[in-house]
Amino acid sequence: MAYVPGVALLAALVVGCSAGADGNANGADSKAGSPTVTPAPPGKYLTLPAPCRAVPRSTLKDLLPGAAELPGDQQDKVFRGSAAVTYDTDRKVGCSWKSDAPSATRSLSVDFERVVSYDPAVSDDDRADTVYAKKEKAAGLSSSATPGPPDENDKKGEGSGTAEDPADADTDTDTDADATGSAEPSPSESSGGSTDGTPGSSSSPEEALPSRILDNLGDAAFLQDLPKQAGSPAQHHTVSVVFRTSNVVVTVRYAEQPALITQVPDGRELQEKAQALARKLAETLSE
């Protein structure tokens, strides 16, 4: 009987200490409350379209003259396209087509890149705008409406997301090299371009069809016109249209190389068709 009060006292002390500890823990939790950072909203697009089915066959027939006259199996192969090799189809996909006709070779490619920001303070759209602005700058263009959010830290995050696409690095290198040789003439110089096929007319399409910022295409867009490179005997002409819609950046490349070096591609036609396809893709994405 002598041990009962001691046991009771010990039990009371234990209960008291436990209650005090819980009280301190609760107090610490309430004092530790700090302002929470609201994460930036995610981008509109969570997936990408199937690239080789993104361009309707009717459009491919127009862009790839001569393909419709091929035998059935060869025609299907051309229109089926060739998917780009990527390691993350949720982030980047692409497809290319090529048609060899007696008069010229036409090639087309489309690339879709879905940009994801790993910084909770930067939205997917803002990160995509930074990616787009980098491409615009590489083309030798500048848009006053293009914001310049900090991207040094984001570039490190982007590298982990796009390192799986070595072909993209080659594209950027080519774009940088081409951009250094592209002039930015005023729009008033775009009249009177000659595509008569004379040997000295290769410079006229360059002056008549300058690279430029495009309006009413996605959230931001530009066109890069790349006539034949100086010193090259081939009359190869490439037009690229790049646009951003929300957190997706789309690139359309359309090129022609005539069979004869004395023939000059119709740069105006290439631009018009590349822009028309880009607008069609933008509409499809927005559906």
Side-chain angles (χ1 to χ4, degrees), residues 43 45 54-55 63 92 94 107-115 124-149 151 155 158 162 165 167-190 193 205-229 236-256 265-286:
Y45 302 102
V55 184
L63 295 173
K92 191 169 185 179
S107 60
L108 170 71
S109 69
V110 293
D111 293 290
F112 300 87
E113 180 178 358
R114 186 175 69 90
V115 181
D124 292 348
D125 284 21
D126 288 342
R127 183 71 192 99
D129 193 55
T130 301
V131 173
Y132 165 83
K134 181 181 177 182
K135 295 178 181 291
E136 185 181 276
K137 182 178 179 181
L141 299 171
S142 176
S143 172
S144 59
T146 301
D151 63 347
K155 285 181 180 178
E158 180 194 12
T162 58
D165 302 305
D168 189 50
D170 296 337
T171 300
D172 291 342
T173 303
D174 294 340
T175 303
D176 292 339
D178 292 328
T180 58
S182 61
E184 293 185 54
S186 62
S188 62
E189 296 177 1
S190 62
E206 183 176 4
E207 295 176 357
L209 304 166
S211 300
R212 60 193 180 277
I213 302 298
L214 299 177
D215 296 326
N216 304 318
L217 176 56
D219 296 314
F222 71 87
L223 181 148
Q224 185 179 23
D225 186 77
L226 302 173
K228 64 168 289 188
Q229 296 182 355
H236 188 86
H237 196 128
T238 302
V239 171
S240 295
V241 176
V242 180
F243 70 91
R244 177 184 73 84
T245 174
S246 186
N247 61 317
V248 170
V249 178
V250 182
T251 301
V252 175
R253 292 185 184 87
Y254 188 40
E256 177 184 352
D266 188 343
R268 188 176 299 277
E269 178 194 11
L270 294 175
Q271 286 199 14
E272 290 175 352
K273 291 188 174 183
Q275 289 185 75
L277 175 58
R279 295 185 188 282
K280 187 173 296 186
L281 293 175
E283 292 174 0
T284 302
L285 285 172
S286 63

(message) How long is the straight-line distance from CG of Asp111 back to NZ of Lys92, given to the nearest 0.5 Å?
(response) 6.0 Å
(request) First locate atom CD1 of Ile213, then atom CG of Leu141, and finally report the distance between them rounded to the nearest 0.5 Å. (result) 5.0 Å
(message) side-chain contact (heavy atoms from CB on, under 4.5 Å) for Leu223 and Gln271? Distances and angles first, verdict last.
(response) CA-CA 8 Å; Leu223 181 148; Gln271 286 199 14; 3.5 Å; yes
(message) Using a strict threshold of under 4.0 Å (side-chain N to carboxylate O), is an ion pair present between Glu272 and Arg268?
(response) no
(request) May I ask you to say whether Asp225 pairs ionically with Arg212, meaning some side-chain N is under 4.0 Å from a carboxylate O? (result) no
(request) For Asp266 and His237, test the side chains for any donor-to-acceptor distance below 3.5 angstrom and give the result as yes or no. (result) no
(message) Here's a test for you: under side chain to side chain contact (heavy atoms under 4.5 Å, CB included), which of Leu285, Val110, Val242, Val241 qualifies with Val250?
(response) Leu285
(request) Can you measure from CG (Asp129) to CD (Glu136) and round to the nearest 0.5 angstrom? (result) 9.0 Å
(message) Please find the pair of heavy atoms, one from Ala278 and one from Phe243, that lie closest to each other, and give the distance.
(response) O-CE2, 3.6 Å
(message) To check you understand the geometry: which heavy-atom pair defines the closest contact between Ala255 and Thr238, and what is its length?
(response) CB-OG1, 3.5 Å
(request) Look only at the side chain of Arg244 and the backbone of Ser246, and say whether a donor-acceptor pair between them is shorter than 3.5 Å. (result) yes
(message) If I compare all heavy atoms of Leu281 with all of Ala54, which pair ends up nearest, and what's the gap?
(response) CD2-O, 3.7 Å
(request) Mind checking the NZ-OG1 spacing from Lys135 to Thr251? Nearest 0.5 Å is all I need. (result) 5.0 Å
(request) Search all heavy atoms of Arg253 against all heavy atoms of Ser240 and return the closest pair with its distance. (result) CG-OG, 3.3 Å
(message) My understanding is that only residues two or more places apart in sequence, or in another chain, count here; which of them pass ring-ring contact (aromatic ring centres under 6.0 Å, His included) with Phe222?
(response) Tyr132
(message) Just to verify, what does Asp124 make a side chain to side chain donor-acceptor pair (under 3.5 Å) with, not counting sequence neighbours?
(response) none
(message) Please check: side-chain N/O of Tyr254 versus main-chain N/O of Gln275, any donor-acceptor pairing under 3.5 Å?
(response) no
(message) Apply side-chain contact (heavy atoms from CB on, under 4.5 Å) to residues Val248 and Glu113 and explain how you reach the verdict.
(response) CA-CA 5 Å; Val248 170; Glu113 180 178 358; over 6 Å; no
(message) For Arg279 versus Asp215, what's the shortest heavy-atom pair and its separation?
(response) NH2-O, 3.4 Å
